[in-house]
There are 2 protein chains.
Amino acid sequence: MLTERQRMILNAIVDDYIRSAEPVGSRSISKRGDVGYSPATIRNEMADLEELGFLEQPHTSAGRIPSHKGYRYYVDHLVSLNSIKPSEIQVIKSFLTEKLNAMEQVIQHAGTVLSQMTSYTSILLGPEVFNTSLRHFQLLPLNENRAVAIIVTSTGQVENKPVSIPAGVSMSDLEKVVNILNSKLVGVPLYKLKSRLYSEIAQEMQKNVSHYEEMLQLLDATLDSEQRDQKVFLSGTTNMLTQPEFKDIDKVKDILDLLEETPTLLKMMSESSKSSGIQVRIGTENTHEAIANCSLITATYSLDGEAVGTIGILGPTRMEYARVISILDIISKNMSTILSRFV
Amino acid sequence: MLTERQRMILNAIVDDYIRSAEPVGSRSISKRGDVGYSPATIRNEMADLEELGFLEQPHTSAGRIPSHKGYRYYVDHLVSLNSIKPSEIQVIKSFLTEKLNAMEQVIQHAGTVLSQMTSYTSILLGPEVFNTSLRHFQLLPLNENRAVAIIVTSTGQVENKPVSIPAGVSMSDLEKVVNILNSKLVGVPLYKLKSRLYSEIAQEMQKNVSHYEEMLQLLDATLDSEQRDQKVFLSGTTNMLTQPEFKDIDKVKDILDLLEETPTLLKMMSESSKSSGIQVRIGTENTHEAIANCSLITATYSLDGEAVGTIGILGPTRMEYARVISILDIISKNMSTILSRFV
DNA sequence: GTTAGCACTCAACTCATGCGAGTGCTAACG
DNA sequence: CGTTAGCACTCGCATGAGTTGAGTGCTAAC
């Protein structure tokens, strides 16, 4: 519904504002080579664009800045993604191809690369449990009352959880249980563990193990995949402090506080992970007030062709969308490739 | 070397400044009940204290603020530690007595309590390896090339490390090695593992295991206690942003950047862990420039009577020393008590 | 030794002023 | 009719002068 000229001008304004963080005036647009009109003409168009809701004016006699709607249009229709140099792609690849031999290492490393290349904050979610299965289970007694339950997944992740041993349970009971679980549950996807516990293991345990009830309860708690915490990796949080729009310490504090709340982050990130591909949530499209002036761009990485984790970049709404989207795309694809080695 | 009256006045100034963060004038000191002198007298003493280096003046016609030397004297001679209410002690105890069944949980929890009660940033170091011994060792192959090495310590900590399996090594080789290690090394302190590997295990392996050389190399890397990273737990980093002296975003960025550098933190914290008891490092006594306006107060917690870890509070030099020292003392002692359950 | 009094200092606040970047509108131009 | 030059107008911001007030240092008196 915008004319070609309006699109050109909107594009120029967004580009300029992303670079300078200052309201953009008609003169400076006119002086750019790519729009061959006088300031007056551009002023007319800018007035129209403001009326349509794509631009805002901080005050009369200041230039225009893009509104959220303006950014949205820019991202959806105008942004050109070829802005990233081949040499930079090479850098990313070389950083991620380094020999990294655990999933967590890969993810953490990807986060560092992301935040360093963009100068924004990166938020990465570890892989979800859907595609990983049990590789090994172990219950190691530490003393009479306490033990560590260890779960090793097919991707080489090790999770451990301290548990209390119910009174009266003997070492040999524990051993029996561990053997039963390993013989029956290895190879089972993690999220199915708990239901299998009841459908297959319970009977067997009832036959062979004393204190059946208590042990079952213990295992139930141990295998609970809800509690199995999806890890959140942050990198470059202090980059927020360098953005001119966050020179106000109170705003930045709200953002940093939000970043420390793992559950909130998890929710925020997984909201956007449902549909695949790259997602851009601009300003108030994010539900949290603290980041009303931020944009969150997310992508997913996959394992075996299925999206299992989310990586994202948080920055000001005035964000280098083209660059960030490109980098996010490259990194997510590279991660998928590298992680496939671990299956 | 200070007269009693000078000490009184210095004490009053430091107390006032800690509360208000504003330079303290002679009049306000005089009006406090505890110093029965007129502003003029106090001004004279203040001039002397400044000459002696205990006070500073931001500019003529402003009040005085304590110098680093002034804080130092305050901490060493003046601070009264009974400032903490019994009810608060009860709060701490109840928070730390909650059933926590892993060392890491205890430490993390203690950090949260510390930062919340003080409104500063807490930095806690996990226990050093000296006092913990091997509980169990395991090598779990994931596929032909890769495996996870799992080390469980006597305190219930689980560490894991991905390793590559040398070409040609068979599953049964791995099993043999694991058995040898478990039979010979369980109960050995972690820091001795590596030397024992060569003194006791090497021979045995040479007899029974093929690909002896490669396996030894693999184990050497796995058991390396240097690489075993001592974990750093941070809590309340954003509390820094609420301090009026750090309203300047650049200063605070340097501090937050420092807090993200785990190795630097480790070094910083362990410097002070050598001598036991509570240590206060004021301003430039800290070697890092970023925290030249901060004070770091540290204490150690112990296991079996021996200091194994450090807990600390980082805040502005204008810190509530009395309160922080008291709280740190209580929490470190409580941690020692609780952690003793895990040995 | 202590204190009242007073002149002095200096950051911080307020207010008027001018500047300049930028706009909106109108009229003229091709 | 779309485009543009010209001009009056707006308003944030920087500058500088004037004022205030908290606080000092010094001197002289108690």
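Values below: every heavy atom of this structure, side chains too, minus hydrogens, waters and symmetry copies.
- Using N1 to N3 plus N6-O4 or O6-N4 for Watson-Crick, or N1-O2 and O6-N3 for G-U wobble, each under 3.5 Å, D:dG6 pairs with C:dC25.
- Within residues 2-35 of chain B, the residues approaching DNA chain C are B:Arg5, by heavy-atom distance under 4.0 Å.
- Under the 30°/60° scheme for interplanar angles, the aromatic rings of B:Phe54 and B:Tyr73 are found to stand perpendicular.
- Nearest heavy-atom pair, A:Gly312 versus A:Leu114, reported as atom, atom and distance to 0.1 Å: O-CD1, 4.4 Å.
- For the segment residues 46-69 of chain A, the set of residues with a heavy atom within less than 4.0 Å of an atom of DNA chain D comprises A:His59, A:Thr60, A:Ser61, in numerical order.
- A:Lys69 places no side-chain N or O within donor-acceptor distance of the main-chain N or O of A:Leu55, the cut-off being under 3.5 Å.
- Rounding to whole angstrom units, CG of residue B:Asn44 and C1' of D:dT24 are separated by 11 Å.
- Summarising the geometry, the separation between CZ on A:Arg43 and C1' on D:dT3 is reported as 12 Å, rounded to the nearest angstrom.
- Checking the phosphate oxygens (OP1, OP2) of C:dT3, a side-chain nitrogen or oxygen of B:Thr41 falls inside 4.0 Å.
- Here A:Glu22 pairs with A:Ser20 under the side chain to side chain contact (heavy atoms under 4.5 Å, CB included) rule; sequence neighbours left out.
- Using a 4.5 Å heavy-atom threshold, the side chains of A:Arg64 and A:Tyr17 count as separate.
- Separating the CD1 atom of A:Ile42 from the P atom of D:dA5 is a distance of 12 Å, rounded to the nearest angstrom.
- Here D:dC30 sits opposite C:dG1 as a Watson-Crick or G-U wobble pair (both hydrogen-bonding atom distances under 3.5 Å).
- If you take CD of B:Glu45 and P of C:dT3, they are 11 Å apart, rounded to a whole angstrom.
- As the counterpart of C:dA16, D:dT15 is assigned, both hydrogen-bonding distances of the Watson-Crick or G-U wobble pattern falling under 3.5 Å.
- The nearest pair of heavy atoms linking B:Gly283 to B:His68 is CA-CE1, 3.7 Å.
- Closest non-hydrogen pair, A:Met46 versus A:Ile9, comes out as CG-CG2, 4.3 Å.
- Within 6.0 Å of CZ in A:Arg27 there are 12 or fewer heavy atoms belonging to other residues, nucleotides or ligands.
- In terms of heavy-atom proximity, A:Lys253 sits nearest to B:Thr242 at CE-CG2, 3.1 Å.
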